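Here's the structure, in structure tokens; my notes come after.
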Amino acid sequence: MAEHYSSFSSEDTRWLLQRVTAVFLVGVLAFHFMLLHFVHHAAEITLAGTTARMSQPGYFVTMVLFLIAATFHGVNGVYNALVNQGISGTPRTVIKYGLTIASVLLIAQGIRVAWVMTGGNLI
Amino acid sequence: MSQSYDRGHIESFGRWTEFSAGMWAWVLHKFTGWVLIGYLFTHIAVLSTAIQGETMYNGTLQGLESLLIVRFMEVGLLAVAVFHILNGLRLLFVDLGLGLDAQDKSFYASLVVTGAIAIGSIPTFLGGF
Amino acid sequence: MSTNVPDTDTETHADTDAQPAPQQRRLAKKRERREHSPQSETSGDTDQETVELKVFRYDPEVEGKREPRFDDFHVPFTKGMTVLDALIYARDTFDSSLTFRHSCRQAICGSDALFINGAQRLGCQTQLSDLEWPVRIEPLPHQEVVKDLVVDMEHFYEQMDAVDPFFKDEDVPDGLEEQRQDRENREKIKMSTRCIWCGACMSSCNIAAGGNYLGPAAINKAYRFVMDEREDGDVTQERLETIEAEEGVWRCQTQFSCTEVCPKDIPLTEHIQELKREAVKNNLKFW
Amino acid sequence: MTLYEHDVIVVGAGGAGLRAAIAAHESGADVAMVTKLHPVRSHTGAAEGGINAALKDGDDWHDHAYDTMKGSDYLGDAPAVETLCKDSPQETMQLEHWGMAFSREEDGRVSQRPFGGLSFPRTTYAGAETGHHLLHTMYEQVVKRGIQVYDEQYVMELAVTDEPDPEDRTCYGCIGYDIKTGELNGFIASGGVVLATGGPGQMFAHTTNAVAQTGDGQAMAYRAGVPLQDMEFVQFHPTTLPSTGVLISEGVRGEGGILYNSEGERFMFEYGYANNDGELASRDVVARAEVTEVNAGRGFENDAVHLDMRHLGEERITDRLENIIHLATDFEGVNPLEEPMPVKPGQHYEMGGIETDENGETCISGLYAAGECACVSVHGANRLGGNALPELIVFGARAGRHAAGEDTGTPQIETGPSARIEDGDVEPPVELGAVESTSPVADGGTADDSPRSVVEQTLEQERDRVDRLMETDGINHADVRSDLQETMTANVNVFRNEDGLKQALRDIRDCRERYQEVGVSDPSRTYNTDLIQTIETRNLIDQAEVLTLGALARTEFRGAHWRQGYQERDDEEWLKHTMVAWNNGDPDLYYTDVLLEGEDKRYEPKIRSY
């Protein structure tokens with residue numbers, strides 16, 4: 001009797017990923033904030049310092065994962081919010097692809113920046 | 001969420017004031033979420049100045065940091081992020097079926113802790129100005 | 001007795017001139033009775049407390065009621081009086097066209113879920129003494145109003161039907177043999193079986209408003225069967241597929257509004273969350 | 001206007017109606033249900049107690065039948081009682097197989113508990129909300145089968161042919177008023193119409209019954225020519241909340257709750273109403289004791305006495321009587337943990353009703369009745385707790401099957417005027433029945449006997465009736481109804497005497513005359529509850545008259561019927577069923593035999609004492 005509801009099997013995967021990324025982000029975001037606002041004050045940040053941090057492979061990987069997780073969590077959240085507002089049909093498809101493209105661009109740009117920040121010193 | 005029926009001015013009569021804790025939590029979570037995703041894009045854009053070299057990067061960052069408004073916005077950003085994190089933790093517990101009876105209390109607690117952290121961080125953010 | 005918005009009165013008069021329908025005359029008489037009812041002289045009447053009701057009125061068919069409005073009724077208050085009692089008094093004494101659903105008066109038929117002072121409650125279950133006065137009474141938000149306080153429940157019933165709200169096990173024992181059920185399992189589904197289909201939860205949920213989200217009541221109904229050990233695995237599997245479809249459990253934003261308004265204290269949000277976890281567990285198996 | 005055609009039309013969607021519809025559907029009929037509420041709003045949902053069924057080892061349907069006959073004060077018909085007791089186990093298990101959430105034993109089997117008047121703990125239950133579960137479980141099955149439900153469709157009248165003898169008449173359907181739109185619709189039933197419309201509790205001011213319990217089916221069948229049987233037997237429950245009539249379960253007294261009068265006396269003992277059982281005496285005894293106290297000036301506000309359970313301690317109360325706390329707080333504004341609850345007797349159940357045989361069929365062919373609106377009779381002069389729900393499912397199913405054309409055996413109970421054994425001998429103080437020949441409700445129907453034209457002509461007649469009610473510039477039905485309720489409560493309550501009953505008949509006559517002048521003030525055709533209630537009020541008047549007439553005639557004390565000056569059960573004179581037939585507007589009181597002869601034994605009347 002539920003035939004008129006189209007099945008959307010990725011929904012529970014997205015729901016779960018949203019939670020998993022949330023847990024990851026809570027930890028990393030706290031670390032990020034502490035490091036860049038309390039340990040190093042934002043005003044004192046220079047590319048040299050950034051490069052020093054980014055050159056550590058662990059830090060680099062964490063930041064890239066941080067970026068990917070945050071982008072997924074944020075963009076998926078935005079998409080859910082819009083769906084809950086009742087967006088459906090073509091606008092919904094457009095938004096879905098629009099958001100996907102934006103995510104990919106953001107992640108690509110982020111990784112590119114991170115790579116530049118290593119200054120080629122990544123060990 | 002569109003109204004299926006227009007009750008005119010009567011429909012909107014006092015609705016917002018009658019929201020319960022859980023609904024406010026939802027509204028604030030959405031709001032802070034939007035702010036954070038907006039910030040994420042901006043943040044990457046700002047950091048992208050690193051591609052144009054050290055001078056540009058350092059100049060941009062220090063230029064921004066020298067603006068009082070930016071410092072205040074940072075406090076706001078912290079508050080937004082802290083709330084989103086705390087309420088997110090609350091929601092994770094709800095997803096696990098824990099503490100559902102205290103869902104309103106945990107929301108109020110998130111608000112209080114957010115406020116405390118935001119106020120407590122003011123000296124750090126505005127310091128060295 | 002304060003009365004309707006003034007322009008309604010003039011409208012009614014104009015009507016009476018044009019077409020002297022007996023109903024209009026009777027309504028006018030009633031209004032007069034309302035004006036002169038002893039309850040209106042609150043100041044002179046010291047030992048009788050009156051409660052003021054502000055009641056939503058609308059009728060697509062009746063001139064003067066097409067534009068929604070609020071009518072005031074002053075009802076003598078007695079100890080133990082409920083919102084429904086006051087509405088019945090107002091209808092039987094002042095205005096017999098005041099329309100609302102009600103039947104059992106004891107919170108089991110689920111007919112009289114109303115929006116009372118900004119919250120979904122059963123009229124029969126709500127003591128006037130627990131409310132701030134004047135008491136504002138409206139039909140359930142997010143549902144079409146048929147007339148006055150009566151809303152169209154069709155969508156709610158459709159959502160209930162969408163989860164196959166019936167026991168599906170075909171493999172039942174013969175004759176007088178029962179299917180065994182653990183006490184614990186019965187306890188597990190107990191709260192979910194208490195639903196009286198009043199629609200308060202659905203009306204309180206801003207995700208369900210106007211959309212196709214199954215809504216708390218229907219998901220709770222599905223929960224009642226998913227958790228019932230008497231139904232076998234295949235059926236449970238089918239049910240999980242229904243509730244995790246696009247308009248199913250994932251739409252729940254854990255705002256708890258349904259849980260808060262449920263007149264039978266069903267932990268709706270908890271049930272929905274449990275089904276989310278069931279669904280995820282169920283799918284993890286196939287990864 | 002639309003004409004709908006189905007094999008079987010079930011009117012009312014409570015326990016009996018749902019069961020009848022499922023049964024007819026399983027017998028292959030095209031069934032439709034027509035109900036003035038949505039099915040899940042039906043008052044079956046308010047039943048708390050349970051379903052009596054001889055299910056377990058050591059129990060036997062014969063014992064259940066014996067208990068029921070004794071409880072009925074020997075006014076039950078043995079063939080009906082035995083049918084009930086024999087079918088109940090199977091029907092109860094059927095509910096389990098449909099997923100009903102019965103309370104369970106440790107081993108996972110359904111629980112049964114003891115109940116008043118039963119020789120074995122055979123009351124199958126689902127918490128204190130058995131009726132709710134039963135109603136929802138059966139509605140679920142209706143949804144599963146895709147049975148057509150016309151909800152919020154008020155059946156105003158039956159479409160019956162108009163032969164002089166009711167036994168020659170045929171019922172071809174009924175007329176429904178679509179409450180939401182104000183449209184009148186005809187329902188043609190080729191197999192039969194099953195009435196399952198519940199009791200007429202609303203004729204009393206103070207009742208545990210829902211506002212919708214106006215006995216519409218009884219009144220319609222009565223005017224169509226089916227006699228109403230044993231209507232004077234009304235069960236009053238001793239503990240209902242005074243402001244709403246909400247039931248406070250017997251469980252409170254079972255756990256040790258105590259009744260006090262306004263002088264702080266435990267009157268059940270101090271005034272000798274029941275020195276052995278005290279508060280736990282049978283329902284009728286306690287109800288009469290409470291009224292005696294109030295009449296003697298020892299009552300509280302609202303004619304109540306106090307039911308105190310505070311001494312049981314908060315822990316025990318929350319553990320076993322939690323719902324009572326909610327009921328008293330929500331509906332009376334009294335916290336029973338802090339103060340005693342005011343209670344008074346309230347109308348609870350109508351033992352009598354539409355005369356039917358064991359297949360639920362009435363003397364009009366094609367017309368069936370089941371549930372509280374019917375009188376098969378299984379409850380006789382007094383219903384045992386836990387026997388109402390099995391009646392719904394047993395006789396609902398039988399009526400449904402029979403209407404669908406299945407052979408359910410030859411009934412032993414004879415119905416209709418031919419069962420008459422003697423005429424009534426009572427002088428009513430006023431004329432009874434129709435006020436004038438052109439009463440808004442015509443009885444009988446029409447000569448042309450094609451089903452469609454019978455329905456169409458009844459439809460025309462009902463359309464006129466609605467138009468007249470809408471156009472009349474008259475008084476409000478609510479005034480008439482409240483006068484009726486007041487006189488019934490004052491004079492036809494737990495205590496009855498000749499003067500009071502005669503006064504009630506005069507008042508009912510007065511209501512009838514004033515009813516000629518009622519008009520509907522709400523001009524709208526959309527959801528006009530004013531109109532529906534106006535029609536219901538007419539139905540209540542008809543039934544109140546039958547009830548009071550039967551009570552006036554019966555000069556004995558049997559079961560729930562107490563008469564001043566006649567304090568004994570009189571089997572010589574009164575071991576017979578009261579029948580009242582509408583008789584085209586001139587009510588006719590007569591009597592029929594009680595069948596005490598069972599399948600393999602005769603139930604000899606014994607003193608009913610517990």
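From a predicted model like this one, the values you see are computed outputs, not experimental measurements. Chain letters run A, B, ... following the sequence lines, proteins first, then strands; residues in each count from 1.
- Inspection of the Gln103(B) and Glu270(C) side chains reveals no N or O donor paired with an N or O acceptor under 3.5 Å.
- For Met227(C), the CE atom sits in a packed shell: over 12 heavy atoms of surrounding residues, nucleotides or ligands are nearer than 6.0 Å.
- Contact of Ser204(C) with chain B is made through the backbone alone, with heavy-atom distances under 4.5 Å.
- Closest non-hydrogen pair, Trp26(B) versus Asn206(C), comes out as CZ3-ND2, 3.6 Å.
- Distance check, rounded to the nearest 0.5 Å: CZ of Phe256(C) to CG of Asp104(B) gives 9.0 Å.
- Identified by a heavy-atom distance below 4.5 Å to chain C, the contributing residues of residues 30-44 of chain B are Lys30(B), in residue-number order.
- Residues of residues 89-99 of chain B that come within less than 4.5 angstrom of chain C, heavy atom to heavy atom, are Arg90(B), Leu91(B), Val94(B), Asp95(B), Leu96(B), Gly97(B) in numerical order.
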